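It should be emphasised that the depicted structure is a prediction, and the values quoted were computed from it without experimental measurement.
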Amino acid sequence: MQGYFVLDVSTRVHRQRHGLRKGWYAAEQGFWRPGPHVVLEGVYRNWFQDYAPATISAELRAQGFLVHSLWDDLRGTPLSDTGEWIGVVAQKA
């Protein structure tokens, strides 16, 4: 039985809108922890790569994956040219 590989990657639009952040902020809860915490941006992010639908698809195919669908996010928003993210559903061939 094979499962699906679901991931999201950022696009050039995301970087143009937000740049490379280097800073910090306090959060009551969030992605990194369910309770209060401090997020140090630029510390946990040590490598950036912007993708387009064609480039992420090519990289996955090169590793033996079949790309089933591409979205603007992981909620299933239809893919657009202005999205900050690309949600990907793939499966090992």
Side-chain angles (χ1 to χ4, degrees):
M1 181 177 163
Q2 288 190 356
Y4 289 92
F5 180 36
V6 179
L7 69 147
D8 62 353
V9 294
S10 60
T11 66
R12 185 170 303 269
V13 172
H14 184 273
R15 188 176 319 227
Q16 289 169 339
R17 288 184 184 157
H18 303 286
L20 292 176
R21 295 183 182 173
K22 292 194 183 277
W24 66 275
Y25 62 91
E28 290 299 317
Q29 61 182 2
F31 180 82
W32 300 108
R33 185 180 166 134
H37 60 283
V38 174
V39 177
L40 304 173
E41 294 181 311
V43 173
Y44 67 88
R45 295 179 181 171
N46 58 10
W47 181 72
F48 284 93
Q49 173 70 45
D50 297 327
Y51 289 93
T55 56
I56 189 62
S57 295
E59 287 201 26
L60 288 167
R61 279 194 307 271
Q63 299 305 314
F65 285 89
L66 299 172
V67 176
H68 286 282
S69 57
L70 299 173
W71 306 90
D72 254 15
D73 54 37
L74 294 179
R75 295 179 303 238
T77 304
L79 190 64
S80 72
D81 292 334
T82 60
E84 294 184 26
W85 299 93
I86 300 171
V88 182
V89 178
Q91 190 173 35
K92 194 73 168 170

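Residue V6 is found in a hydrophobic cluster whose other members, listed by chain and number, are Y4, W71, L74, V89; membership requires side-chain heavy atoms under 4.5 Å apart, directly or through intermediates. Listed by chain and number, the hydrophobic cluster partners of V13 come to none, as no ILVMFWY side chain reaches under 4.5 Å of it.
Not counting sequence neighbours, the partners of D50 by the side-chain hydrogen bond (donor to acceptor under 3.5 Å, both in side chains) test are R15. Applying the salt bridge (Lys or Arg N to Asp or Glu O under 4.0 Å) test to D73 and every residue at least two apart in sequence or in another chain returns R75.
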Side-chain donor-acceptor contacts of residues 55-62 below 3.5 Å, not counting sequence neighbours, with atom names and distances?
residue : atom : partner : partner atom : Å
T55     : OG1  : A52     : N            : 2.8
T55     : OG1  : A52     : O            : 3.0
S57     : OG   : P53     : O            : 2.8

Ignoring hydrogens and angles, write down the donor-acceptor pairs under 3.5 Å from the side chains of residues 80-87, residues two or more places apart or on other chains.
residue : atom : partner : partner atom : Å
S80     : OG   : D72     : OD1          : 3.4
S80     : OG   : D72     : OD2          : 2.7
S80     : OG   : T82     : N            : 3.3
S80     : OG   : T82     : OG1          : 3.4
S80     : OG   : G83     : N            : 3.3
E84     : OE1  : H18     : NE2          : 2.7
E84     : OE2  : R17     : NH1          : 3.0
E84     : OE2  : H18     : NE2          : 3.3

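By the criterion of side-chain heavy atoms lying less than 4.5 angstrom apart, applied directly or through intervening Ile, Leu, Val, Met, Phe, Trp or Tyr residues, F5 is not grouped with L66; the two fall into different hydrophobic clusters.
Formation of a donor-acceptor pair under 3.5 Å by the K92 side chain with backbone atoms of G3 is not found in this model.
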